[in-house]
Number of protein chains: 2
Amino acid sequence: MSLRIALLGLLSFSGPASGYDLAKNFEKSINYVWQAGHSQIYPELAKMAADGLITVEAEGPRGRKIYTATREGVDELRGWLIAHTPSDPVRSEYAIQAYLLQLLDPLEALAVLGRMTAGIEAKLKGLEELSAVKRSAAEQTRFGTYALDLGIRHAHTTLAWARDTATAISPEAVEGRNPGETGSTDAG
Amino acid sequence: MSLRIALLGLLSFSGPASGYDLAKNFEKSINYVWQAGHSQIYPELAKMAADGLITVEAEGPRGRKIYTATREGVDELRGWLIAHTPSDPVRSEYAIQAYLLQLLDPLEALAVLGRMTAGIEAKLKGLEELSAVKRSAAEQTRFGTYALDLGIRHAHTTLAWARDTATAISPEAVEGRNPGETGSTDAG
DNA sequence: GGAAACATGTAATGGGTTACATGATTAA
DNA sequence: TTAATCATGTAACCCATTACATGTTTCC
């Protein structure tokens, strides 16, 4: 359902577009918040057309099909936005690892948390750069910025959590982790 | 893969257990972080047994099967914890709605954000109550608490984001939202 | 005897990822 | 002519949800 809504939304923003256009557009906007590749998008567009939510307005070169949202499609989108209460099932591999960390000894657990921290920092850096680019280029819609903002905030939260958890597991070990020291050879 | 790991983890904590036990246990622990029902757990256990990660140690009354992790299972779990970098694909209906809100007029958008806020507040309340219960009952493992903590932090973050976004859309309208006023009939 | 909880499964369906497959157009 | 990019699809497989289906034990 969400994919359908996302595609209807993109069509509403951009006007008539092909599956290829939508896939490209998806990749650099909603993608930060919901993932889908062309192999999922093309069949979904076919189903949406069969359901009367969109129509093939025209066919261009190379078999390019131009879709437009129908009245039903617009209604569907508006109805979902206004009436649908989002579900937010948490499905976090980070949290699973956190839950199971006690099966490792403290030093191993700290190493795992260190890897987590690095991963989240990298992701956060990417999102923030993107945010800066989009803001300056003004290529981004106002609300697209808000979605990106949510992503950045969540990454910050996860990062802070990983650091605090590391501290809770072993305060001394974490405090000893200053730049230039690895803490692996000299314990004192 | 994650389900497998979660089940191996639960088995490691509890010792030998049946699918039923694991499903119950799952529901009140990892469930806040990764969801799976019995209809997913039973087949997965069968596959894990076929793959040599667990074995049926004994059979109890009512066809109850008691599983234990094998050496391979323990290795698999430890290997995943130590080597696997968690993926955290964001798949948030909240964010999709945020992205598409500009298709509504500001008053409609505010109503949607209000519903979001209420939903997240309810969820947060549930998680925090649970956290209090678990802390007092000491029934919770130390790291299970950390996973729950992550859930609570994320909910807080989403809530703050929803409020800030509402303010950004329409500062006046949001400031006017005091208890006792609905703001729907008298526009001020 | 009947309800509740124990205990285990399968089937149908939907959603998502990866890989496979094909062909047209454009620009170097 | 050949590489890049445009453009569209299918197939195999995995994971997840909901509903269906069955039988046992315990307790009232």
Side-chain angles (χ1 to χ4, degrees), chain A residues 1-8 10 14 16-28 30-51 53-54 56-67 80 84 86-93 96, chain B residues 1-8 10 14 16-28 30-51 53-54 56-67 80 84 86-93 96:
Chain A
M1 190 82 287
S2 292
L3 177 56
R4 229 158 229 246
I5 296 299
L7 292 172
L8 283 170
L10 286 181
S14 66
S18 68
Y20 187 84
D21 295 334
L22 288 168
K24 286 282 157 188
N25 204 337
F26 201 100
E27 193 183 341
K28 54 178 179 175
I30 291 185
N31 196 248
Y32 301 105
V33 140
W34 195 276
Q35 295 77 43
H38 80 272
S39 67
Q40 207 183 344
I41 289 173
Y42 286 125
E44 185 64 31
L45 287 171
K47 273 189 257 162
M48 288 164 75
D51 292 348
L53 301 177
I54 57 177
V56 178
E57 193 201 53
E59 303 213 11
R62 285 176 270 192
R64 187 183 163 92
K65 290 181 193 171
I66 312 293
Y67 291 101
W80 186 88
H84 178 74
S87 63
D88 66 337
V90 184
R91 214 169 260 282
S92 165
E93 286 191 353
I96 292 186
Chain B
M1 190 81 289
S2 291
L3 177 56
R4 229 157 229 244
I5 297 299
L7 292 172
L8 284 170
L10 286 181
S14 67
S18 68
Y20 186 84
D21 295 334
L22 289 167
K24 287 281 155 185
N25 204 337
F26 201 100
E27 193 184 341
K28 53 179 179 174
I30 292 185
N31 195 249
Y32 302 105
V33 141
W34 194 277
Q35 295 77 42
H38 79 270
S39 66
Q40 206 184 344
I41 289 172
Y42 285 124
E44 185 65 29
L45 287 171
K47 271 187 258 161
M48 287 163 76
D51 291 349
L53 301 177
I54 58 177
V56 179
E57 192 202 53
E59 301 215 9
R62 286 177 269 193
R64 186 182 162 92
K65 290 180 192 170
I66 313 293
Y67 291 100
W80 186 89
H84 178 76
S87 62
D88 66 337
V90 184
R91 214 169 261 280
S92 164
E93 286 191 355
I96 292 185

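Worth saying up front: this structure is predicted, and the values here are computed from it rather than measured. Throughout, protein chains are lettered first and strands after them, A, B, ... in sequence-line order, and every chain is numbered starting at 1.
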- Query: Could you give the NE2-to-P distance, from His38(B) to dA7(C), as a whole number of Å?
  - Reply: 14 Å
- Spacing between Glu44(A) atom CD and dT10(D) atom C1', to the nearest angstrom: 16 Å
- Message: It should be established whether Tyr20(A) places a side-chain nitrogen or oxygen under 4.0 Å from OP1 or OP2 of nucleotide dC6(D).
- Response: yes
- About how many Å separate CD1 of Ile96(A) and CE of Met1(B), when rounded to the nearest 0.5 Å? 10.5 Å
- First encountered from the 5' end of DNA chain C, between Pro89(B) and Gly19(B): Gly19(B)
- Item | Length of the line joining Glu27(B):CD and dT17(D):P, which is rounded to integer Å | 13 Å
- Are Tyr42(A) and dT8(D) close enough that a side-chain N or O sits under 4.0 Å from OP1 or OP2? yes
- Task: Using atom CD1 of Ile5(B) as one end and atom C1' of dC15(D) as the other, report the distance to the nearest whole Å.
- Result: 15 Å
- Could you check whether Ser39(A) gets within reach of a base, just the sugar-phosphate, or nothing at all, counting any heavy atom under 4.0 Å? base
- Query: Is there a donor-acceptor contact under 3.5 Å from the side chain of Glu93(B) to the main chain of Asp88(A)?
  - Reply: no
- Message: Distance check needed: dT8(C) P versus Glu59(B) CD, whole Å only.
- Response: 10 Å
- Lys24(A) NZ to Leu10(A) CG distance, which is reported to the nearest 0.5 Å: 14.0 Å
- Query: Expressed in angstrom and rounded to an integer, what is the separation of Gln40(A) atom CD from dA11(D) atom C1'?
  - Reply: 15 Å
- Message: Taking the minimum atom-to-atom distance to the side chain of Pro43(A), which one of dT10(D), dT8(C), dA7(D) wins?
- Response: dT10(D)
- Task: Could you tell me the separation between the CG atom of Leu7(B) and the C1' atom of dT8(C), rounded to a whole number of Å?
- Result: 15 Å
- Looking only at heavy atoms, what is the nearest atom pair of Lys65(A) and Val56(A), with distance? CB-CG1, 4.3 Å
- Could you grab the distance from atom CG of Leu53(A) to atom CG of Leu7(A), nearest 0.5 Å is fine? 10.5 Å
- Query: CG/Leu45(B) to CD/Gln40(B) distance, rounded to the nearest 0.5 angstrom?
  - Reply: 11.0 Å
- Message: Could you work out, with salt bridge (Lys or Arg N to Asp or Glu O under 4.0 Å) as the rule, every residue matching Lys47(A), not counting sequence neighbours?
- Response: Glu44(A)
- Output the single nucleotide from dT8(D), dA19(C), dT8(C) whose closest atom is nearest the side chain of Lys65(A). dT8(D)
- Message: When the axes are fitted on five pairs at both termini, how much does the helix from dG1(C)-dC28(D) to dA28(C)-dT1(D) curve, in 10° steps?
- Response: 10°
- Any idea which of dA16(D), dC6(C), dA7(C) is nearest the Trp34(B) side chain? dA16(D)
- Message: Using OP1 and OP2 only, check whether a side-chain N or O of Arg4(A) sits under 4.0 Å from dG15(C).
- Response: no
- Query: Parallel, tilted or perpendicular: which fits the ring planes of His38(B) and Tyr42(B), with parallel below 30° and perpendicular above 60°?
  - Reply: perpendicular
- Message: Taking the nucleotide of DNA chain D with the nearest heavy atom to each, does Arg64(A) or Gln35(B) sit closer to the 5' end?
- Response: Arg64(A)
- Item | Phosphate OP1/OP2 of dC15(D) contacted by Arg91(B) side-chain N/O (<4.0 Å) | no
- How many Å lie between CE on Met1(B) and C1' on dA16(D), as a whole number? 16 Å
